[in-house]
Amino acid sequence: GDEEDDIFFDPEGEVVEQKVTHEHSEALNQRIKEHLALLDHSDPDANGWEQITEDGEMKVYRKELVQDGLICDPLKAVHSVGLVTAKEMCHYFWFPDVRRDWEETVDVFDVLETLDEATTINYQTHKQVWPAAQRDCLYLSSMVKVDNPPSVGDKIPHDTWIVCNFSVDHPEANPVSGCVRALIEVALICQTFITLPKDGGPITRDCLQCDIIYVANVNPGGWAPASVLRSIYKREYPKFLNRFTNYVQQKTKDLKLLF
Ligand code: 16C
């Protein structure tokens with residue numbers, strides 16, 4: 001059985017049962033519910049999403065959003081990669097010990113607290129981008145299995161996992177001086193699709209396709225020049241998605257499938 005918290009949806013997509021295990025459980029469940037609405041991406045251009053770049057199966061969208069003079073453009077990317085499961089993808093995205101293997105934009109990385117076996121509170125600083133001040137963020141990160149996700153047409157996923165990262169406060173935060181606190185709402189939603197072998201043989205990595213939705217709402221927390229910020233967005237998110245998905249494919253290629 002899965003040790004992670006399960007979230008249960010009724011056919012209308014309402015949460016009908018959820019475990020509360022820590023002080024942020026309710027906030028977490030609420031965000032998961034909101035993020036999962038994105039699974040209905042049958043029309044990605046709906047609701048004002050503007051495509052900013054494309055690379056093979058990867059498509060990256062944004063909405064222009066300025067709040068209190070700060071650029072907070074929501075970002076959404078959809079991708080689909082072979083050879084890996086949704087749980088593997090989410091595991092490597094969530095698991096603190098491998099963060100530095102794929103996360104290139106981070107300098108300091110600390111786990112401040114472990115709330116349960118799949119939930120931590122992390123503090124990190126990001127590399128400085130001239131001429132803006134350095135950014136840091138303090139966020140809860142949780143990996144959750146989703147049962148009965150909202151359906152996406154006629155494709156039926158084998159399984160659905162989500163990692164949800166969102167800003168929280170923490171008394172033990174020891175902020176690096178000079179950093180401006182960025183506020184984040186990030187989710188990685190992954191679904192495994194399996195094509196059974198025609199010869200009735202065992203399921204191998206070649207049978208796997210993992211569909212990914214990644215969303216990031218980042219409030220930079222203080223001034224940064226618009227042109228710098230929007231060019232970082234356009235460059236860094238596709239770079240992250242390519243690097244991260246290649247990393248997971250490499251890490252898992254000789255391992256047993258993890259569902
Ligand atoms: O989701 C990703 N990583 C997770 C684990 O680290 C976590 C992180 C979210 C990103 C939070 C960004 C906070 C401010 C970033 C400062 C700029 C760093 C750029 C350095 C470039 C050399 O959920 C993968 C995220 C990968 C993409 C990160 C790029 C974010 C750009 C946002 C720009 C906002 C402020 C820029 C101010 C100069």
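Both ligands and their constituent atoms are indexed starting at 1 by order of listing. Keep in mind that the numbers below use all heavy atoms, side chains included, and drop hydrogens, waters and symmetry copies. The first residue of the sequence shown is numbered 1, and numbering continues consecutively from there.
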Between [X] and [Y], is there shared hydrophobic-cluster membership here, with clusters defined by ILVMFWY side-chain heavy atoms closer than 4.5 Å?
| X | Y | answer |
| --- | --- | --- |
| Leu255 | Tyr247 | yes |
| Tyr92 | Leu83 | no |
| Leu257 | Ile194 | yes |
| Val81 | Phe240 | yes |
| Leu258 | Trp94 | no |

Answer yes or no: does an N/O atom from [X] fall short of 3.5 Å to an N/O atom of ligand 1?
| X | answer |
| --- | --- |
| Gln124 | yes |
| Glu103 | yes |
| Trp102 | no |

- Query: With a 4.0 Å heavy-atom cut-off (strictly under), which part of Tyr139 contacts ligand 1: side chain, backbone, both or neither?
  - Reply: side chain
- Message: Under 3.5 Å, is there a donor on one side chain and an acceptor on the other for Gln30 and Glu26?
- Response: no
Please state which protein non-hydrogen atom is closest to [atom] and give its distance, to 0.1 Å?
| atom | value |
| --- | --- |
| atom 34 (C) of ligand 1 | Val218 CG1, 4.0 Å |
| atom 29 (C) of ligand 1 | Glu236 CB, 3.7 Å |
| atom 33 (C) of ligand 1 | Tyr233 CE1, 4.0 Å |
| atom 35 (C) of ligand 1 | Pro220 CB, 3.8 Å |

Which option, [options], owns the non-hydrogen atom nearest [atom]?
| atom | options | value |
| --- | --- | --- |
| atom 13 (C) of ligand 1 | Lys234, Arg135, His126, Gln128 | His126 |
| atom 23 (O) of ligand 1 | Thr125, Asn165, Val106, Val228 | Asn165 |
| atom 31 (C) of ligand 1 | Asp107, Asn219, Ile232 | Ile232 |

- Strictly under 4.0 Å, does any heavy atom of Arg99 approach an atom of ligand 1? yes
- Query: Does even one non-hydrogen atom of Phe244 get within less than 4.0 Å of ligand 1?
  - Reply: no
Mark up the atoms of ligand 1 that fall under 4.0 Å of a heavy atom belonging to [X], in ascending order.
| X | result |
| --- | --- |
| Phe240 | 24 (C), 26 (C) |
| Tyr237 | 27 (C), 30 (C), 31 (C), 32 (C) |
| Val186 | 1 (O), 23 (O) |
| Ala132 | 38 (C) |
| Tyr214 | 1 (O), 2 (C), 24 (C), 25 (C) |

- Task: May I ask you to decide if the ring planes of Phe93 and Tyr214 are parallel, tilted or perpendicular, using 30° and 60° as cut-offs?
- Result: perpendicular
- Task: Take Tyr233 and Ile71 through the test side chain to side chain contact (heavy atoms under 4.5 Å, CB included) and record every step on the way to the result.
- Result: CA-CA 11 Å; Tyr233 258 70; Ile71 289 170; 5.5 Å; no
- To the nearest 0.5 Å, how far apart are OG1 in Thr105 and NZ in Lys127? 7.5 Å
- Is there a salt bridge (charged side-chain N to carboxylate O under 4.0 Å, His left out) between Lys63 and Asp73 once you walk through the steps? CA-CA 5 Å; Lys63 283 181 195 176; Asp73 298 356; over 6 Å; no
- Task: Using side-chain hydrogen bond (donor to acceptor under 3.5 Å, both in side chains) as the criterion, point out the one residue from Gln124, Arg181, His126 that pairs with Asp136.
- Result: Arg181
